[in-house]
Amino acid sequence: MAPGEKLPIAKAINSSLRKALENDPKVLVMGEDVGKLGGVFRVTDGLQKDFGEDRVIDTPLAESGIVGTAIGLALRGYRPVVEIQFDGFVFPAYDQIVTQLAKMHARALGKIKLPVVIRIPYAGGIGAVEHHSESPEALFAHVAGLKIVTPANSSDAYWMLQQAIECDDPVIFFEPKSRYWGKGEEVAQGIPAPLHRARVIREGTDLTIASYGPTVRTALQAADASAEEGRSVEVLDLRSISPIDFDTIQASVERTGRLVVVHEAPVFFGSGAEIAARITERCFYHLEAPVLRVGGFHAPYPPARVEEEYLPGLDRVLDGIDRAMAY
């Protein structure tokens with residue numbers, strides 16, 4: 001990767017995996033079609049050709065077996081990076097993830113480390129059917145022992161994946177698939193922030209939007225539209241879902257007095273609910289309005305022809321801003 005080179009998120013992840021494979025012979029990439037095909041989204045394109053079938057491994061279609069094998073490899077000193085082909089395909093591996101991967105360190109009283117990264121392309125926006133457009137991050141965030149992160153831009157995709165691979169704890173790395181092949185962005189020449197640190201990506205004074213992954217772009221669009229109406233909206237990219245950087249959110253809300261949390265996952269029992277509860281506790285005397293949430297509906301993911309009605313687009317976010325400003 002050349003200094004100043006602009007890469008789409010998919011290419012940034014590919015470059016990050018390549019760097020990790022070059023730096024550490026114990027790093028392995030494994031998953032369905034990640035080798036010869038280069039992944040269904042071509043994120044791992046060329047890696048098997050350059051590093052061989054022993055390090056970039058095409059697995060059977062068996063998610064539970066893939067994650068179980070990764071756990072065994074980690075116990076033997078490897079650092080497996082597992083790709084789950086689509087978000088909705090992770091559930092056959094859910095038992096391995098939550099009862100073994102997440103628990104082993106505590107079960108062994110800290111004597112065992114499992115440096116496993118599970119990459120999951122997630123969320124909608126690609127016109128796919130159910131099981132291909134899910135946002136299951138809250139299901140994993142509820143489980144102690146897992147770290148959950150998601151990048152929203154190419155620089156974070158590159159560096160956060162490096163940090164996740166180097167981490168001795170299991171990390172679920174959610175990748176916003178609808179942003180894979182968007183406009184290329186310059187990748188920073190150094191780590192832009194600690195792995196679990198939220199970032200203020202647009203400053204404002206009237207209201208804060210906290211979002212992550214695929215909805216960060218929508219939040220920025222809403223801030224632009226609000227500026228045309230004379231409203232100053234601050235935008236946070238949370239980057240990490242477990243743990244959540246509540247300190248950065250709190251500092252922003254203490255400045256603006258209002259918070260709207262945006263995510264594609266259903267609002268009901270979503271990550272926004274935890275954020276709303278915590279910030280209400282922490283910022284009660286600073287809030288000018290209730291913390292509001294904008295997200296998907298509590299319904300199965302719909303057919304492609306009505307996908308835009310399901311996803312929290314610009315109009316829904318602007319409606320959330322209007323409601324918060326009305327108090």
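The first residue in the sequence is number 1, and the count goes up from there. Both backbone and side-chain heavy atoms feed into the values below; hydrogens, waters and symmetry mates do not.
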> Step by step, would you call Val267 with Val261 a side chain to side chain contact (heavy atoms under 4.5 Å, CB included)?
Replying inline: CA-CA 10 Å; Val267 168; Val261 186; over 6 Å; no
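- Side chain of Lys177 to backbone of Gly124: no donor-acceptor contact under 3.5 angstrom is found.
- Here the CZ-CG distance, from Arg197 to Leu238, works out to 13.5 Å after rounding to the nearest 0.5 Å.
- Residues Tyr310 and Ser133 bring no donor and acceptor atom of their side chains to less than 3.5 Å of each other.
- With Asp58 contributing its side chain and Gly35 its backbone, the two residues share a donor-acceptor pair below 3.5 Å.
- Ion pair Arg79/Asp168 flagged as a salt bridge, since at least one NZ, NE, NH1 or NH2 atom sits closer than 4.0 Å to an Asp/Glu carboxylate oxygen.
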>> Please determine whether side chain to side chain contact (heavy atoms under 4.5 Å, CB included) holds for the pair Tyr180 and Val43, giving the CA-CA distance in whole Å, both sets of side-chain angles, and the decisive distance to 0.1 Å.
In response: CA-CA 8 Å; Tyr180 268 154; Val43 173; 3.8 Å; yes
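- Pairing each heavy atom of Asp54 with each of Leu28, the nearest pair is O-CD2, 3.8 Å.
- Side-chain atoms of Arg258 come within 3.5 Å of backbone N or O of Tyr327 as a donor-acceptor pair.
- Contact check on Arg239 versus Asp156 returns a salt bridge, with a Lys/Arg side-chain nitrogen under 4.0 Å from an Asp/Glu carboxylate oxygen.
- One N or O on the side chain of Glu134 and one on the backbone of His131 form a donor-acceptor pair closer than 3.5 Å.
- No continuous path of ILVMFWY side-chain contacts below 4.5 Å connects Val200 to Ile191, so the two sit in separate hydrophobic clusters.
- Residues meeting the salt bridge (charged side-chain N to carboxylate O under 4.0 Å, His left out) test with Arg323, sequence neighbours left out: Asp319.
- Side-chain atoms of Arg179 come within 3.5 Å of backbone atoms of Pro214 as a donor-acceptor pair (strictly under, hydrogens ignored).
- Within the structure, the salt bridge (Lys or Arg N to Asp or Glu O under 4.0 Å) test picks out the following pairs touching residues 13-33 (sequence neighbours left out): Arg18-Asp50.
- Using a distance-only test at 3.5 Å, with no hydrogens or angles considered, a donor-acceptor pair links the side chain of Ser232 to the main chain of Thr205.
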>> Could you walk me through whether Asp245 and His196 satisfy the side chain to side chain contact (heavy atoms under 4.5 Å, CB included) test, starting with their C-alpha distance in whole Å, then the side-chain angles of each, then the deciding distance to 0.1 Å, before giving a yes or no?
In response: CA-CA 7 Å; Asp245 180 7; His196 301 292; over 6 Å; no
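- Aromatic rings from Tyr212 and Phe174 are positioned such that their centres are separated by 6.0 Å or more.
- With contacts defined as side-chain heavy-atom distances shorter than 4.5 Å, the pair Ser15/Leu7 qualifies.
- Within the 4.5 Å cutoff, the side chain of Pro80 has no heavy atoms near those of the Val117 side chain.
- Closest of all the heavy-atom pairs between Glu254 and Cys283 is CG-SG, 4.3 Å.
- Leu207 and Leu259 fall into different hydrophobic clusters, where Ile, Leu, Val, Met, Phe, Trp and Tyr side chains are chained together by heavy-atom contacts under 4.5 Å.
- In this structure, Lys147 pairs ionically with Asp169, as a charged nitrogen and a carboxylate oxygen lie closer than 4.0 Å.
- A 4.5 Å side-chain heavy-atom check between Val216 and Val262 finds every atom pair outside the cut-off.
- Between the side chain of Arg293 and the main chain of Ile275, no donor-acceptor pair closer than 3.5 Å is present.
- The 12-atom threshold is not exceeded at OH of Tyr78, counting heavy atoms of other residues, nucleotides or ligands nearer than 6.0 Å.
- By the 4.5 Å heavy-atom criterion applied to side chains, Ile241 and Thr150 are counted as neighbours.
- Residues Ile118 and Val67 have side chains in contact (heavy-atom distance under 4.5 Å, counting atoms from C-beta outward).
- Contact annotation: the side chain of Phe297 never approaches that of Glu309 to less than 4.5 Å [non-hydrogen atoms, C-beta and beyond].
- Nearest heavy atoms, Ser135 versus Glu264: OG-CB, 3.8 Å.
- Residue Val149 is grouped with residue Phe246 when hydrophobic side chains (ILVMFWY) are merged at heavy-atom distances under 4.5 angstrom, including chains of intermediate members.
- A distance of 9.0 Å separates CG in Asn153 from CE in Met160, rounded to the nearest 0.5 Å.
- Of the charged side-chain nitrogens involved, at least one lies within less than 4.0 Å of a carboxylate oxygen, so that Glu53 and Lys36 count as a salt-bridged pair.
- Taking all atoms of both residues into account, the shortest heavy-atom contact from Val294 to Gly320 is CG2-CA, 4.2 Å.
- Closest of all the heavy-atom pairs between Ser154 and Ala12 is O-CB, 3.4 Å.
- The pair Arg217-Asp237 fails the salt-bridge criterion, with no side-chain N (NZ, NE, NH1 or NH2) lying under 4.0 Å from an Asp/Glu carboxylate O.
- Between Glu234 and Thr208, the side chains place no donor N or O within less than 3.5 Å of an acceptor N or O (distance only, hydrogens not considered).
- Using a 4.5 Å cut-off on side-chain heavy atoms (C-beta onward), Ile57 and Val34 make no contact.
- When side chains are defined from C-beta on, Thr69 counts as touching Met30, because their heavy atoms get closer than 4.5 Å.
- Aromatic pair Phe41/Phe86: centroids less than 6.0 angstrom apart.
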> Given Leu75 and Leu114, is the side chain to side chain contact (heavy atoms under 4.5 Å, CB included) satisfied, shown in steps?
Replying inline: CA-CA 7 Å; Leu75 288 170; Leu114 290 179; 3.7 Å; yes
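- Side-chain atoms of Thr44 come within 3.5 Å of backbone atoms of Gly38 as a donor-acceptor pair (strictly under, hydrogens ignored).
- Summarising the geometry, atom CG belonging to Leu73 is positioned 10.0 Å from atom CZ belonging to Arg76; distances are rounded to the nearest 0.5 Å.
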> Going through the distances and angles, do Arg107 and Gln100 end up as a side-chain hydrogen bond (donor to acceptor under 3.5 Å, both in side chains)?
Replying inline: CA-CA 9 Å; Arg107 188 180 297 147; Gln100 305 300 333; 3.1 Å; yes
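- A donor-acceptor pair shorter than 3.5 Å cannot be found between the side chains of Glu137 and Tyr122.
- When only modelled atom types and interatomic distance are considered, Ser16 and Gln162 share a side-chain donor-acceptor pair under 3.5 Å.
- Across all non-hydrogen atoms, the minimal contact from Ala324 to Leu292 is N-CD1, 3.6 Å.
- The distance from the CG atom of Asp247 to the OG atom of Ser252 is 12.5 Å, given to the nearest 0.5 Å.
- The environment of Lys113 atom NZ is sparse: at most 12 non-hydrogen atoms of other residues, nucleotides or ligands sit within 6.0 angstrom.
- Glu203 contributes atom CD, which lies 12.0 Å from atom OG1 of Thr256 (distance to the nearest 0.5 angstrom).
- Side chains of Gln48 and Arg55: no donor on one and acceptor on the other come within 3.5 Å.
- If you chain together hydrophobic residues whose side chains sit under 4.5 Å apart, Val253 and Val260 never meet in one group.
- Put simply, the side chain of Thr215 never gets that close to the backbone of Ser211: no donor and acceptor are under 3.5 Å apart.
- Distance check: Met104 CE to Lys111 NZ gives 14.5 Å after rounding to the nearest 0.5 Å.
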> Where do His132 and Phe89 land on the ring-ring contact (aromatic ring centres under 6.0 Å, His included) test, with the steps shown first?
Replying inline: CA-CA 8 Å; His132 296 73; Phe89 297 179; 5.1 Å; yes
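- Ion pairing of Arg119 with Glu83 is present here, as a side-chain N (NZ or NE/NH1/NH2) and a carboxylate O approach within less than 4.0 Å.
- In this structure, the side chain of Asn14 engages the main chain of Asp45 through a donor-acceptor pair within 3.5 Å.
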